[in-house]
Amino acid sequence: MLPDFDAAPERLAPRLLGWTLLVDGVGGLIVETEAYDADDPASHSFGGRTARNAAMFGPPGHAYVYRSYGLHWCLNFVCREAGHGAAVLIRALEPTQGLVRMQQRRGLDNPRLLAAGPGRVAQALGVDDRFDGLPLDRPPFELQPPAGAADIVSGPRIGITKAAERPWRFGIAGSRFLSRPMR
DNA sequence: CTTTCGATGATCT
DNA sequence: GATCATCGAAAGG
């Protein structure tokens, strides 16, 4: 069973919450996401296809990984349809599997800080540009459906200047593992 | 608790 | 040459 990667990003993003994301058996529950679309000035795909964002214009259900601020990696799930340029940014996980491995990679103990933020997620999972364009339906990736329904909250996306009013950030209400509290 | 700032490099104009 | 879908440490209330 897999998420509906053919959906528009603002619909896929909330639906991903509660799924378990593992990379080589390490990861946890997705608790925070953001949607980015082609007609969205905040999106890397807004200006059309380039070398960096090529994976965003590839088939749905694949990874788009980019370098942020010259230091961090960020992981997205491509969605909608091939050639469109839509994706969902994975912003935070509640760690459940491979705690020690994540603590080693992050150089931290506190489970709360292991994957609370997109750069932290990628570092904890060992994701970098080698994962750009890889399919999400087979190893090293594994996705497991939610155990039950969760309360979902939405709000403005973080760290953007354009289209800042779109409420395309989604989180599980009350989770302690968000990059920032929802509002 | 809050705000500020430096790190660091690819990407795009 | 400016702009980042960020993080962590430091400084101030």
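Proteins get letters first, then strands, A, B, ... in listed order; numbering begins at 1 in each. These numbers were taken from a predicted model, which means no experiment stands behind them.
- In this structure, the side chain of D129(A) does not engage the main chain of V65(A) through any donor-acceptor pair within 3.5 Å.
- Using a 4.0 Å heavy-atom cutoff across all strands shown, R157(A) reaches no nucleic acid atom at all.
- Here the closest heavy-atom approach between residue V78(A) and residue M56(A) is recorded as CG1-O, 3.7 Å.
- Using a 4.0 Å heavy-atom criterion, one finds that T50(A) contacts the sugar-phosphate atoms exclusively.
- Here the side chain of R105(A) pairs a donor or acceptor atom with the backbone of A124(A) at under 3.5 angstrom.
- When DNA chain B is scanned 5' to 3' for any atom under 4.0 Å from a heavy atom of chain A, the first and last hits are dA7(B) to dC12(B).
- At whole-Å resolution of the value, CZ in F46(A) and C1' in dT3(C) are 16 Å apart.
- Checked by atom type and distance alone, the side chain of D4(A) pairs as donor or acceptor with a backbone atom of D6(A) at under 3.5 Å.
- The side chain of K162(A) contributes an N or O atom lying less than 4.0 Å from OP1 or OP2 of dC4(C).
- As the counterpart of dT4(B), dA9(C) is assigned, both hydrogen-bonding distances of the Watson-Crick or G-U wobble pattern falling under 3.5 Å.
- Close to dC7(C), at under 4.0 Å from its OP1 or OP2, lies no side-chain N or O of R106(A).
- Between the side chain of D128(A) and the backbone N or O of R130(A), at least one donor-acceptor pair lies under 3.5 Å.
- For the pair E32(A) CD and dT6(C) P, the interatomic distance rounds to 10 Å; values are reported in whole Å.
- By the stacking rule of 5.5 Å between ring centres and under 30° between planes, Y66(A) does not stack on the base of dA5(C).
- Counting to the nearest Å, the P atom of dT6(C) and the CG atom of L178(A) are 15 Å from each other.
- Looking at which nucleotide of DNA chain C each of G159(A) and L108(A) is closest to, the 5′-most match is held by G159(A).
- Position along DNA chain C of the nearest nucleotide to Q123(A) versus M56(A) favours M56(A) as the more 5'-ward residue.
- Residue contacts shown for L89(A) include a base, since a base heavy atom lies under 4.0 Å away.
- Across the protein-nucleic acid pair, N110(A) atom CG and dG8(C) atom P stand 11 Å apart, rounded to whole Å.
- The interatomic distance linking L71(A) (CG) with dG8(C) (C1') rounds to 11 Å, in whole Å.
- Here the side chain of N76(A) is nearest to one of dG8(C), dA5(C), dT6(C), namely dA5(C).
- T161(A) has a side-chain polar atom (N or O) that falls below the 4.0 Å cut-off from OP1 or OP2 of dC4(C).
- With rounding to whole Å, L114(A) atom CG is found 11 Å from dG8(C) atom P.
- Across all their heavy atoms, P14(A) and T33(A) have their closest contact at N-OG1, 4.2 Å.
- Per the geometry, OH belonging to Y69(A) stands 8 Å off C1' belonging to dT3(C), to the nearest Å.
- Placement of L125(A) and V31(A) within a single hydrophobic cluster is found when ILVMFWY residues are connected by side-chain heavy-atom separations under 4.5 Å, directly or transitively.
- Dashed line: the shortest gap from a side-chain N or O of H44(A) to OP1 or OP2 of dA5(C) is under 4.0 Å.
- Side-chain atoms of E32(A) do not come within 3.5 Å of backbone N or O of A116(A) as any donor-acceptor pair.
- As rounded to whole Å, 12 Å separates atom P of dC4(C) from atom OH of Y36(A).
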